[in-house]
Amino acid sequence: MRHIVNREYHRWYSPRLGREMELLVFGHAGAKVLVFPTRDGRFHEYEDLRIVDALRPKLEAGQLQLYCVDSIDRETFYCGWCNPAERIRRHHAFEEYILNEVMPLMSNKNPHPCTIAHGCSLGAYHAANIAFRHPHLFRKLAAFSGRYDLTLQVAEFQDLLGGYRDDLVYFHTPAHFLPNLACPWRLDALRGMDIVLVVGQDDPFRDNNRHIGQVLRDKGVRPTLHEWEGRAHQGYHWRRMAPLYL
């Protein structure tokens with residue numbers, strides 16, 4: 001007989017974003033996993049892709065508890081009609097929502113000392129960006145099929161900010177700020193973090209993943225990079241990655 005995994009729906013008005021935001025929680029205990037959806041995904045995407053089912057044994061055993069947040073990427077990086085300066089400010093407000101509204105909820109519900117940043121595709125960018133910017137808040141990063149420079153033009157992928165640059169763009173672009181990172185306590189926190197990057201060998205951003213891995217190694221950080229056969233950029237692949245790397 002299968003056990004029913006705890007599932008909770010939460011919704012509240014975010015003063016930082018000026019709108020209602022939703023999230024789902026799966027599991028009852030264990031390491032807290034902050035899950036970001038893909039570009040077009042919503043807070044229920046992780047469940048829709050059956051990745052929650054793939055993690056069922058760990059959820060039932062109380063090893064992991066998932067916090068699946070919503071996306072506002074259509075208001076930020078993929079809001080083509082909006083001025084790029086406004087888009088990156090909106091993205092920064094989204095990070096403030098995560099830090100000051102979602103993560104306190106996580107801490108109040110679950111005292112486990114380990115918090116994991118996780119996501120697939122653009123969600124991997126969000127997970128890596130927040131973990132690299134605030135490494136003292138996370139024990140682990142698990143980023144699948146990610147792109148860590150949204151200004152990079154590769155294959156059919158364009159600079160998501162159309163050439164616009166300012167300090168917020170710089171500090172929300174891991175490939176830009178990590179090479180110059182010299183803050184001792186942030187570097188110490190990164191060196192203590194378990195960093196797992198997973199990408200397909202044919203993914204257009206494989207080299208970007210390799211570059212981030214090398215930048216981290218140059219800082220004394222020891223990430224693990226796993227390269228899967230093919231592009232490996234679909235729910236089929238992420239369902240198999242999650243039990244291995246979370």
Side-chain angles (χ1 to χ4, degrees), residues 4-53 55 59 64-112 115-134 137-138 141-144 146-147 150 160-161 168-169 171-172 235 238 242 246:
I4 297 175
V5 171
N6 177 62
R7 181 186 189 273
E8 301 174 18
Y9 169 76
H10 295 265
R11 175 178 179 149
W12 67 86
Y13 179 84
S14 167
R16 291 166 180 83
L17 293 175
R19 55 167 284 185
E20 296 282 324
M21 294 295 289
E22 300 167 275
L23 63 81
L24 285 171
V25 180
F26 297 94
H28 62 279
K32 303 181 289 286
V33 187
L34 175 62
V35 183
F36 294 93
T38 66
R39 178 184 74 188
D40 294 317
R42 296 291 310 280
F43 64 98
H44 46 76
E45 179 188 53
Y46 213 68
E47 182 178 39
D48 296 343
L49 292 174
R50 305 196 309 279
I51 306 175
V52 174
D53 282 342
L55 292 171
L59 295 171
L64 297 176
Q65 187 178 47
L66 310 177
Y67 291 79
C68 301
V69 300
D70 216 342
S71 163
I72 66 164
D73 294 324
R74 291 292 173 185
E75 301 173 22
T76 59
F77 301 118
Y78 286 90
C79 185
W81 58 266
C82 185
N83 181 286
E86 291 298 328
R87 282 189 270 158
I88 193 65
R89 282 197 287 269
R90 185 68 171 162
H91 166 71
H92 187 73
F94 175 69
E95 182 187 75
E96 291 294 309
Y97 155 74
I98 296 293
L99 293 173
N100 296 293
E101 299 180 47
V102 175
M103 294 191 72
L105 170 72
M106 296 167 67
S107 296
N108 289 337
K109 288 185 65 63
N110 183 344
H112 197 284
T115 301
I116 302 169
H118 171 50
C120 307
S121 193
L122 191 65
Y125 157 79
H126 285 296
N129 187 57
I130 199 168
F132 292 151
R133 283 170 51 80
H134 307 280
L137 299 178
F138 299 92
L141 165 66
F144 303 165
R147 171 186 184 182
L150 303 186
L160 294 184
L161 291 164
L168 275 181
V169 174
F171 285 111
H172 281 282
W238 300 329
L246 280 176

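As the structure is a computational prediction, the values presented were derived from the model and not from experiment.
K32 places no side-chain N or O within donor-acceptor distance of the main-chain N or O of S107, the cut-off being under 3.5 Å. Distance alone, capped at 3.5 Å, places no donor-acceptor pair between the R11 side chain and the E20 backbone. The main-chain N or O of Y125 is never found under 3.5 Å from a side-chain atom of N129 such that the two would form a donor-acceptor pair.
Across every non-hydrogen atom of T38 and S121, the tightest pair is CG2-CB, 3.9 Å. Counting all heavy atoms, side chain and backbone alike, M106 lies closest to V33 at CE-C, 4.4 Å. Summarising the geometry of Y13 relative to R19, their closest heavy-atom pair is CE1-N, 3.5 Å, with the distance given to 0.1 Å. In this structure, A127 and A117 approach most closely via the heavy-atom pair O-CB, 3.6 Å. Closest non-hydrogen pair, L246 versus A142, comes out as CD2-CB, 3.7 Å. Considering every non-hydrogen atom in both E22 and Y97, the closest pair reads O-OH, 4.5 Å.
Note on R89 versus E86: salt bridge recorded, some NZ/NE/NH1/NH2 to OD/OE distance being below 4.0 Å.
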- Task: Would you sort out whether R74 and D40 count as a side-chain contact (heavy atoms from CB on, under 4.5 Å), showing the intermediate values?
- Result: CA-CA 8 Å; R74 291 292 173 185; D40 294 317; 2.4 Å; yes

- side-chain contact (heavy atoms from CB on, under 4.5 Å) between Y9 and V25: does it pass, once the steps are laid out? CA-CA 7 Å; Y9 169 76; V25 180; over 6 Å; no

- Message: Before you tell me yes or no, could you show the steps for I51 and V35 under side-chain contact (heavy atoms from CB on, under 4.5 Å), namely the whole-Å CA-CA distance, both residues' side-chain angles and the distance that decides it to 0.1 Å?
- Response: CA-CA 11 Å; I51 306 175; V35 183; over 6 Å; no

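Side-chain atoms of F132 and L141, non-hydrogen and from C-beta on, do get closer than 4.5 Å to each other. In this structure the side chain of L55 never reaches within 4.5 angstrom of the side chain of F26, judged on heavy atoms. You'll find the side chain of Y67 stays beyond 4.5 Å of the side chain of L24, heavy atoms only. Using a 4.5 Å heavy-atom cutoff, the side chains of F138 and M103 are in contact. Counting heavy atoms from C-beta on, the side chains of L23 and E8 never come closer than 4.5 Å. Contact annotation: the side chain of V52 approaches that of L59 to within less than 4.5 Å [non-hydrogen atoms, C-beta and beyond]. Between E101 and L17 the shortest side-chain heavy-atom distance does not fall below 4.5 Å. Taking the side chain as every heavy atom from C-beta outward, L161 and L150 never approach each other to under 4.5 Å.
Ring geometry for H91 against F94 counts as tilted: the plane angle lies between 30° and 60°, on a 0 to 90° scale. The aromatic rings of H118 and Y46 lie perpendicular to each other, with more than 60° between the two planes, well past the 30° mark.
For the side-chain hydrogen bond (donor to acceptor under 3.5 Å, both in side chains) with D73, the qualifying choice from R87, R39, R90, H126 is H126, the only one to do so.
Rounding to the nearest 0.5 Å places CD of E45 at 9.0 Å from OG of S71. Atoms CD1 and OH, on I72 and Y78 in that order, are 14.5 Å from each other to the nearest 0.5 Å. Atom CZ in R7 sits 9.5 Å away from atom NE2 in H44 (nearest 0.5 Å).
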